[in-house]
Amino acid sequence: MTKLIIFLLRWKKGIIKLEEKIELLASANWSKTNWDLSWQPVIDLNELLPKVGESYEITLLGSEADHTQNGIHYLLWLPPHSELNGFDERSTEIEKSYVIKAILDKGDCLVNEFSKQYEGKFIAKILAVNKLQDCLPSIQPSMNNSFVGYFNNLMDSSIQYFSWNDNLYLSLHDEYITYELFFKKRGSAFLLYFVNNWIWENYECYICRMILNEKQTKFISNFLISTNKLIPINQNQTEVNQVEGALYY
């Protein structure tokens with residue numbers, strides 16, 4: 001009965017059920033909708049997160065600007081520092097990341113004169129706001145034998161990791177490539193649950209529950225022996241309902 005109640009509550013919030021993955025638009029840069037607040041030392045999440053029923057102007061980049069049509073979409077929301085700088089410095093902020101369900105209405109498109117990247121303006125009307133990790137029970141577990149393909153042709157990349165509690169974060173960087181992968185540890189095995197890739201102007205971001213087989217688990221374990229462990233940059237203590245603001249470099 002308890003599981004049924006949880007299922008119905010999540011369905012009411014608008015989370016897709018029993019998909020193999022939830023694809024997210026990752027380039028919206030929500031911090032621009034609350035720019036001044038994003039730089040405060042400590043911020044309450046209820047002040048920072050988009051509000052259900054309200055509308056915001058957002059900008060999608062690259063492939064997301066080019067291919068996103070009007071309609072309902074799921075978007076990634078990250079705390080300001082991780083959104084602007086990636087997860088390397090505050091990997092644990094994945095626990096304070098959210099999925100935004102919104103109706104998008106496409107506006108003007110242009111090429112940014114500085115970055116030369118294609119940009120598309122959208123009005124996003126917010127339908128639901130859910131914690132990213134709360135979406136995991138709504139996803140069907142799967143296997144994927146091509147997982148190690150993420151690491152092909154990345155011999156010159158900077159590969160780093162950070163682990164805490166039952167979480168593992170792997171970060172891979174090359175000149176025009178960034179992979180951010182989050183895993184849950186299950187004893188000696190791993191479950192891949194979040195992928196955020198950027199390859200030149202192409203974005204790939206989704207939540208999944210990919211169960212690694214024995215060969216893939218060994219592959220990851222070997223990486224942990226030979227790669228660099230990240231050192232988090234946290235300056236302020238925060239409560240469960242708070243995040244640190246972005247740092248200016």
Side-chain angles (χ1 to χ4, degrees), residues 20-31 59-68 73-94 97 99 111-120 132 142 144-163 167-184 190-210 212 215-233 246-247 249:
E20 286 197 358
K21 63 182 179 181
I22 300 176
E23 295 184 354
L24 306 175
L25 298 172
S27 64
N29 204 343
W30 289 99
S31 58
T59 301
L60 297 180
L61 304 177
S63 61
E64 293 188 343
D66 194 23
H67 299 302
T68 301
H73 296 272
Y74 294 86
L75 300 94
L76 178 66
W77 184 96
L78 301 179
H81 189 82
S82 292
E83 180 180 69
L84 297 171
N85 300 286
F87 277 110
D88 283 7
E89 295 177 345
R90 294 179 182 169
S91 309
T92 60
E93 287 193 337
I94 189 66
S97 300
V99 173
V111 176
N112 187 294
E113 62 178 304
F114 299 106
S115 67
K116 305 302 181 184
Q117 192 169 24
Y118 190 66
E119 296 182 351
L132 186 150
S142 62
N144 188 336
N145 293 328
S146 65
F147 166 73
V148 294
Y150 284 124
F151 300 88
N152 290 345
N153 304 316
L154 288 170
M155 300 306 294
D156 296 328
S157 303
S158 169
I159 304 175
Q160 303 175 94
Y161 80 95
F162 184 71
S163 61
N167 289 274
L168 170 66
Y169 167 65
L170 273 182
S171 167
L172 304 91
H173 298 284
D174 209 339
E175 186 176 3
Y176 299 113
I177 297 174
T178 294
Y179 288 159
E180 296 179 325
L181 309 174
F182 282 88
F183 304 82
K184 290 285 187 183
F190 294 98
L191 174 81
L192 175 65
Y193 71 89
F194 180 67
V195 174
N196 189 23
N197 298 340
W198 179 83
I199 304 174
W200 189 225
E201 294 184 358
N202 295 293
Y203 294 84
E204 179 187 37
C205 181
Y206 57 88
I207 312 167
C208 60
R209 292 172 70 193
M210 187 190 300
L212 272 61
K215 182 178 180 180
Q216 293 166 336
T217 296
K218 185 176 180 180
F219 186 80
I220 292 296
S221 298
N222 288 340
F223 260 109
L224 300 185
I225 296 172
S226 59
T227 58
N228 298 319
K229 185 172 182 178
L230 292 162
I231 299 175
I233 297 177
L247 295 178
Y249 295 120

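We number each residue from 1, following the sequence as shown. Only heavy atoms go into these numbers, but all of them, side chains included; no hydrogens, no water, no symmetry mates. Predicted, not measured: the structure shown is a model, and the values here were computed from it.
A tilted orientation is assigned to the rings of F182 and Y193, their planes being inclined by 30° to 60°. Using the six-membered ring where Trp is involved, F194 and F87 have ring planes that are perpendicular, over 60° apart on the 30 and 60° scheme.
Evaluation of the side chain to side chain contact (heavy atoms under 4.5 Å, CB included) rule for T178 yields H173, E180, W198 as partners, not counting sequence neighbours. Residues forming a side chain to side chain contact (heavy atoms under 4.5 Å, CB included) with L84 (at least two apart in sequence, or on another chain): N29, S31, W35, W39, A246.
Residues Y169 and F162 keep their aromatic ring centres 6.0 Å or farther apart.
Without hydrogens or angle criteria, R90 side chain to I233 main chain gives a donor-acceptor distance under 3.5 Å. The backbone N or O of E64 lies less than 3.5 Å from a partner atom in the side chain of T68, making a donor-acceptor pair. No donor-acceptor pair closer than 3.5 Å links the side chain of W30 to the backbone N or O of P79.
Among I159, L172, V195, the one residue that satisfies the side chain to side chain contact (heavy atoms under 4.5 Å, CB included) test with Y179 is L172.
In terms of heavy atoms, L247 sits closest to N85 at O-ND2, 4.4 Å.
Here the OG-CG distance, from S27 to L76, works out to 10.0 Å after rounding to the nearest 0.5 Å. One finds the CD1 atom of I207 at 11.5 Å from the CG atom of L192 (value rounded to the nearest 0.5 Å).
A 4.5 Å side-chain heavy-atom check between N197 and L181 finds at least one atom pair inside the cut-off.
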